[in-house]
There are 2 protein chains.
Amino acid sequence: MKTSFENLSVELLKKEIRPSYQRIKVLEYLIAKRCHPTVDQIFNDLVKEVPTLSKATIYNTLNLLIKAKLVRVVTIEDNETRYDITMSNHGHFKCELCGTIFDFKVNIDNFMADKLSEFKINERDVYFKGICPSCLKYKK
Amino acid sequence: MKTSFENLSVELLKKEIRPSYQRIKVLEYLIAKRCHPTVDQIFNDLVKEVPTLSKATIYNTLNLLIKAKLVRVVTIEDNETRYDITMSNHGHFKCELCGTIFDFKVNIDNFMADKLSEFKINERDVYFKGICPSCLKYKK
DNA sequence: TCAATTTTTATAATAATTATAAATATATAA
DNA sequence: TTATATATTTATAATTATTATAAAAATTGA
Ligand SMILES: [Mn+2]
Ligand SMILES: [Mn+2]
Ligand SMILES: [Zn+2]
Ligand SMILES: [Zn+2]
């Protein structure tokens, strides 16, 4: 997905979502910062640029983008919901020390369990937790 | 893990957790009902037997059991935290129609991503969503 | 321009979880 | 056993995340 305002507008219109200023701002943010931000992070950063912004708008926009399958939810932790603009299949690793969330490639089709042959699978999430390389180094 | 009161007590004592009546009740519940219950389900069912029970005790007990690695959290949905007594490696499938959560075997080591070779992995969660066989049948 | 519709904002309501302190239960030592 | 200390549970308050509601602002189309 291209970052320009024009392109983002087109993407939204394709999904029959009106490209309001706030919606574009949220999309731009998710594309620029690929750190899987929380609602609070998105809001606190964007409100600097858009002082009238409301947190309800962030929630509304994200829920809209999720329904349109432009954004996915990352529930790697039970106490914080995070959002990800990347919809391609990939796993998430959260470092228990620094909190960073890393993307990693994962061939989910390869480990499709036999038991699930009769299930219709719509969504696949792989969440790992542990210590990231730089935190491992630091600990020594 | 055996279901008897004696055996559960021993399990808790191994982890240096005092086997109080309430803690045993929660453990028994999780073993009997392997449906990945929410705090509310656990509380509402147990309060029938233990009328003085407090919801805070359910939270306290679960957090204790999680820290002791006797129970794991299932965050397959961002709006409801569920709990699972089975600690062996397995994936979870949630049916989007009936809400049932199914366990399935998954060989997580097989699909270990290359990128993660430098990461220390402590926890692995695999969450799938879709439609379960009986709901698929019903839809036709 | 003007009315209809959509979106945003501000605020209230709801729900999940944690914190606090008093009450209860359990363990230990005299 | 009884007294005392410690741990656990309970009731309640506080906090936080999210959704609901309605008014204000922006956008659309005639
Ligand atoms: Mn990601
Ligand atoms: Mn399970
Ligand atoms: Zn780290
Ligand atoms: Zn089903």
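Order of the sequence lines sets the chain letters (A, B, ...), proteins ahead of strands, with each chain counted from 1.
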Exercise for review: Taking R72(B) for its side chain and S88(B) for its backbone only, find out whether a donor-acceptor pair lies under 3.5 Å.
Suggested key: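 A pair under 3.5 Å: yes.
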Exercise for review: Classify the side-chain pair D125(A)/H92(A) by whether it contains a donor and acceptor separated by less than 3.5 Å.
Suggested key: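 On atom types as modelled, these side chains do not qualify, holding no pair under 3.5 Å.
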[X] [atom1] to [N] [atom2]: how many Å, rounded?
{"X": "Y83(B)", "N": "dA16(C)", "atom1": "OH", "atom2": "C1'", "answer": "9 Å"}
{"X": "L12(B)", "N": "dA7(D)", "atom1": "CG", "atom2": "P", "answer": "17 Å"}
{"X": "N60(B)", "N": "dT9(D)", "atom1": "CG", "atom2": "P", "answer": "7 Å"}
{"X": "D78(A)", "N": "dA17(D)", "atom1": "CG", "atom2": "C1'", "answer": "13 Å"}
{"X": "I42(A)", "N": "dA17(D)", "atom1": "CD1", "atom2": "C1'", "answer": "14 Å"}
{"X": "I66(A)", "N": "dT18(D)", "atom1": "CD1", "atom2": "P", "answer": "10 Å"}
{"X": "Q41(A)", "N": "dA17(D)", "atom1": "CD", "atom2": "C1'", "answer": "15 Å"}
{"X": "I58(B)", "N": "dT10(D)", "atom1": "CD1", "atom2": "C1'", "answer": "12 Å"}

Check your understanding: Run the salt bridge (charged side-chain N to carboxylate O under 4.0 Å, His left out) check on D45(A) and K33(A) step by step: do they pass?
Key -> CA-CA 11 Å; D45(A) 283 350; K33(A) 298 229 171 189; 3.8 Å; yes
Exercise for review: Starting from the 5' end of DNA chain D, give me the residue, A56(A) or D40(A), whose nearest nucleotide shows up first.
Suggested key: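 Of the two residues, D40(A) wins.
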Please check the phosphate of [N] (OP1 and OP2 only) for any side-chain N or O of [X] closer than 4.0 Å.
{"X": "T57(A)", "N": "dT9(C)", "result": "yes"}
{"X": "Y59(B)", "N": "dT18(C)", "result": "no"}
{"X": "R23(A)", "N": "dT8(C)", "result": "yes"}
{"X": "T81(A)", "N": "dT18(D)", "result": "yes"}
{"X": "T52(A)", "N": "dT9(C)", "result": "yes"}
{"X": "S20(B)", "N": "dA7(D)", "result": "no"}
{"X": "Q22(A)", "N": "dA26(D)", "result": "no"}
{"X": "N79(B)", "N": "dA15(C)", "result": "no"}

Exercise for review: Using the salt bridge (charged side-chain N to carboxylate O under 4.0 Å, His left out) rule, take E80(B) and K94(B) through it: C-alpha gap first, then chi angles, then the decisive distance, then the call.
Suggested key: CA-CA 12 Å; E80(B) 55 175 26; K94(B) 177 165 182 177; 2.8 Å; yes
Review point. Checking K115(B) against F104(A): charged group under 6.0 Å from the ring centre and within 45 degrees of the axis?
Key: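 Output no; distance or angle outside limits.
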Review point. Which nucleotide sits closest to the side chain of R18(B): dT10(D), dT7(C), dT8(D)?
Key: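 Closest nucleotide to the R18(B) side chain: dT8(D).
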